[in-house]
Amino acid sequence: MKTLFLNEFLVLAEQLNFSNAVKKLGINQSALSRHIKQLEEELGTSLFSRTTQKIELTTYGSAFIPHAMAIMEHEKAYERAADAIRRDAAHRISLGVCGFPGYYGITALFSEFKNQYPESIIDVHMGSTADMLGRLQSGVLDIAFVHDTGGLEEDYTMIPYREDYLSLSLPAQHPLAQKAVLHLSDLKDEVFFIRHKKDSTPWRFEVQILQDAGFTPKISSNKNAWEDSVINRCNEVSLVKQGLADRLRGNLHVAVVDLEPRVHTDLYLIYPKSRHLTDIVSAFVNFTAASRTPL
């Protein structure tokens with residue numbers, strides 16, 4: 001049943017005059033007559049009685065008026081809901097963050113962006129690098145902040161956001177804790193607590209850079225959280241990015257020592273090269289590029 005026909009029926013029921021109805025509807029009389037006839041055939045009953053002198057509603061026609069009005073109102077309600085969904089989608093950004101947004105000023109970036117684009121809606125998802133890449137590929141995420149651990153350039157557009165690099169965290173009582181800087185090769189005899197899931201992208205990255213330094217790292221079998229291992233004075237060391245390193249400096253239980261030369265794990269805003277970005281997502285990408293600052 002075409003709602004266009006219902007509207008024409010309601011206008012004709014109000015006017016009870018074809019000439020007046022077609023003027024109000026902006027169509028010709030033959031089209032109106034044809035549409036009313038199609039509606040009557042679909043309903044299986046006459047809605048109007050017609051004579052050469054006048055047109056009147058039948059009993060069925062009078063009974064149909066409130067139902068036609070209800071159908072029209074439901075259609076308008078749906079159109080309003082659909083418009084709201086379209087407006088929401090046009091302003092929504094589904095964004096992933098590998099790590100904690102506050103570590104690198106990302107939370108402040110969101111706030112500044114929303115000041116400039118108050119209609120924007122940012123849905124933030126946090127997880128591992130593997131989580132972010134999987135959600136980007138599936139379309140759950142529009143864009144994501146991830147650390148570059150190599151191999152992303154082929155499939156992703158990469159917007160530099162913050163320089164980042166690794167430092168060494170170790171228990172405060174560790175013999176190396178008083179060093180100003182360390183080289184990776186100085187760590188060949190240490191036991192490493194790798195804070196990432198085994199065989200994940202960051203886990204493989206850390207193992208590879210240690211192997212590139214000339215040794216295969218001894219990896220802790222400790223099943224506790226890294227924080228537990230530090231507090232319980234395990235003599236293990238960990239590689240940490242600067243967002244976390246900055247928060248550990250001054251901690252009574254932990255020492256942070258810089259590495260030379262620096263091992264970069266710079267933070268990028270990325271999205272699949274095949275992705276078509278909406279206007280609001282493009283605006284966020286451009287805003288992020290303009291907000292880039294060194295660590």
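- The main-chain N or O of Asp164 is found under 3.5 Å from a side-chain atom of Asp266 such that the two form a donor-acceptor pair.
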Which is it for Ile219 and Val207 under the side chain to side chain contact (heavy atoms under 4.5 Å, CB included) test, yes or no, and what are the steps along the way? CA-CA 9 Å; Ile219 298 176; Val207 170; 4.1 Å; yes
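- Ile122 has its side chain out of reach of Tyr117: every pair of non-hydrogen atoms, C-beta onward, lies at least 4.5 Å apart.
- Leu152 and Val140 sit in two unconnected hydrophobic clusters of ILVMFWY residues. Membership requires side-chain heavy atoms under 4.5 Å apart, directly or through other members.
- For the pair Arg262 and Glu163, the salt-bridge criterion is met [side-chain N within less than 4.0 Å of a carboxylate O].
- A salt bridge does not link Arg204 with Asp199: every distance from a Lys NZ or Arg NE/NH1/NH2 to an Asp or Glu carboxylate oxygen is 4.0 Å or more.
- The closest donor-acceptor contact from the side chain of Thr3 to the backbone of Leu6 lies at 3.5 Å or more, if one exists at all.
- In this structure, Lys241 contributes its side chain and Thr265 its backbone to no donor-acceptor pair below 3.5 Å.
- Panel note: side chain Arg162, backbone Leu267; no donor-acceptor pair is recorded below 3.5 Å.
- Atom-to-atom distance recorded for Cys98:SG and Met126:CE is 11.0 Å, nearest 0.5 angstrom.
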Intermediate values then yes/no, side chain to side chain contact (heavy atoms under 4.5 Å, CB included), Phe284 and Thr278: CA-CA 10 Å; Phe284 185 86; Thr278 64; over 6 Å; no
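- Residues Tyr268 and Phe205 do not share a hydrophobic cluster, defined by chaining ILVMFWY side chains whose heavy atoms lie under 4.5 Å apart.
- Here the CG atom belonging to Leu277 is positioned 7.5 Å from the CD1 atom belonging to Ile143, to the nearest 0.5 angstrom.
- Among the candidates His174, Glu236, Lys218, the single residue satisfying the side-chain contact (heavy atoms from CB on, under 4.5 Å) test with Glu190 is His174.
- Between Pro202 and Lys197, the closest side-chain pair of non-hydrogen atoms is not below 4.5 Å.
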Checking Lys54 against Leu16 for the side chain to side chain contact (heavy atoms under 4.5 Å, CB included) test, could you report, in this order, the C-alpha distance in whole Å, the side-chain angles of both residues, the deciding distance, and whether it holds? CA-CA 8 Å; Lys54 61 182 178 180; Leu16 292 177; over 6 Å; no
Between Glu119 and His91, is the side-chain hydrogen bond (donor to acceptor under 3.5 Å, both in side chains) condition met? List the steps. CA-CA 6 Å; Glu119 76 282 5; His91 297 145; 4.7 Å; no
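- For the 3.5 Å distance criterion, the side chains of Glu112 and Ser291 fail to qualify, holding no donor opposite an acceptor.
- The two atoms that bring Val257 and Ala177 nearest to each other are CG2-O, 4.0 Å, heavy atoms only.
- Defined by atom type and a distance below 3.5 Å, a donor-acceptor pair is missing between the side-chain atoms of Ser46 and Glu40.
- Proximity of Phe64 to Thr58: side-chain heavy atoms (C-beta onward) are nowhere separated by under 4.5 Å.
- Applying the 6.0 Å contact sphere to CG of Asp279 captures no more than 12 heavy atoms from other residues, nucleotides or ligands.
- Residues Leu141 and Phe287 do not share a hydrophobic cluster, defined by chaining ILVMFWY side chains whose heavy atoms lie under 4.5 Å apart.
- Sparse packing is recorded around OH of Tyr60, with 12 or fewer heavy atoms of other residues, nucleotides or ligands lying under 6.0 Å away.
- Under a 3.5 Å cut-off, the side chain of Arg247 and the backbone N or O of Gly243 do form a donor-acceptor pair.
- When side chains are defined from C-beta on, Ile121 does not count as touching Ile93, because their heavy atoms never get closer than 4.5 Å.
- Listed here is the closest heavy atom pair of Ala144 and Met132: CB-CB, 4.2 Å.
- Here the side chains of Leu12 and Asn20 are not in contact, with every heavy-atom distance at 4.5 Å or above.
- Shown here for Ile280 and Arg92, the closest heavy-atom pair between the two residues is CG2-O, 3.7 Å.
- More than 12 heavy-atom neighbours from other residues, nucleotides or ligands sit within 6.0 angstrom of NE2 on His264.
- In this structure, the separation between CG on Asp142 and NE2 on His276 is 11.0 Å, given to the nearest 0.5 Å.
- If you take CG on Asp212 and CG on Leu184, they are separated by 9.5 Å, rounding to the nearest 0.5 Å.
- The aromatic rings of Phe145 and Phe110 sit tilted, their planes meeting at an angle between 30° and 60°.
- By the criterion of side-chain heavy atoms lying less than 4.5 angstrom apart, applied directly or through intervening Ile, Leu, Val, Met, Phe, Trp or Tyr residues, Val97 is grouped together with Val281 in one hydrophobic cluster.
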Where do Glu154 and Lys273 land on the salt bridge (Lys or Arg N to Asp or Glu O under 4.0 Å) test, with the steps shown first? CA-CA 8 Å; Glu154 183 175 349; Lys273 288 183 175 179; over 6 Å; no
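- The number of heavy atoms from other shown groups lying within 6.0 Å of NZ (Lys37) does not exceed 12.
- Closest approach of Gln178 to Ala172, counting heavy atoms only: NE2-O, 4.2 Å.
- Taking the six-membered ring for Trp and the full ring otherwise, His147 and Tyr161 have centroids separated by 6.0 Å or more.
- In terms of heavy atoms, Ile65 sits closest to Leu10 at O-CD2, 3.9 Å.
- Counting only heavy atoms from C-beta outward, the side chains of Ser120 and Phe113 approach each other to under 4.5 Å.
- Annotation: Tyr271 is not in aromatic contact with Tyr156 [ring centroid separation under 6.0 Å not met].
- Remark: Leu32 CG to Phe9 CZ distance equals 11.5 Å, nearest 0.5 Å.
- Hydrophobic clustering (side-chain heavy atoms under 4.5 Å, transitive across Ile, Leu, Val, Met, Phe, Trp, Tyr) keeps Val191 apart from Phe215.
- Within the 4.5 Å cutoff, the side chain of Leu244 has no heavy atoms near those of the Asp246 side chain.
- Separating the NE2 atom in His253 from the CG atom in Leu248 is a distance of 11.5 Å, to the nearest 0.5 Å.
- Asp186 places no side-chain N or O within donor-acceptor distance of the main-chain N or O of Leu182, the cut-off being under 3.5 Å.
- More than 12 non-hydrogen atoms from other residues, nucleotides or ligands lie less than 6.0 angstrom from CD of Glu41.
- In summary, the side chains of Ser167 and Asp258 do present a donor paired with an acceptor at a separation below 3.5 Å, with no hydrogens or angles considered.
- Between the Gln242 side chain and the Tyr165 main chain, a donor and an acceptor come within less than 3.5 Å of each other.
- At least one side-chain heavy atom of Leu170 sits less than 4.5 Å from a side-chain heavy atom of Leu176.
- The main-chain N or O of His196 is never found under 3.5 Å from a side-chain atom of Ser200 such that the two would form a donor-acceptor pair.
- Ion pairing between Glu14 and Lys24 holds under the 4.0 Å rule for side-chain N and carboxylate O.
- Judged by distance alone, the side chain of His183 and the main-chain N or O of Glu260 form a donor-acceptor pair under 3.5 Å.
- Between the side chain of Arg275 and the main chain of Leu136, a donor-acceptor pair closer than 3.5 Å is present.
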Apply side chain to side chain contact (heavy atoms under 4.5 Å, CB included) to the pair Leu166 and Val240, showing each step before the final yes or no. CA-CA 5 Å; Leu166 296 177; Val240 295; over 6 Å; no
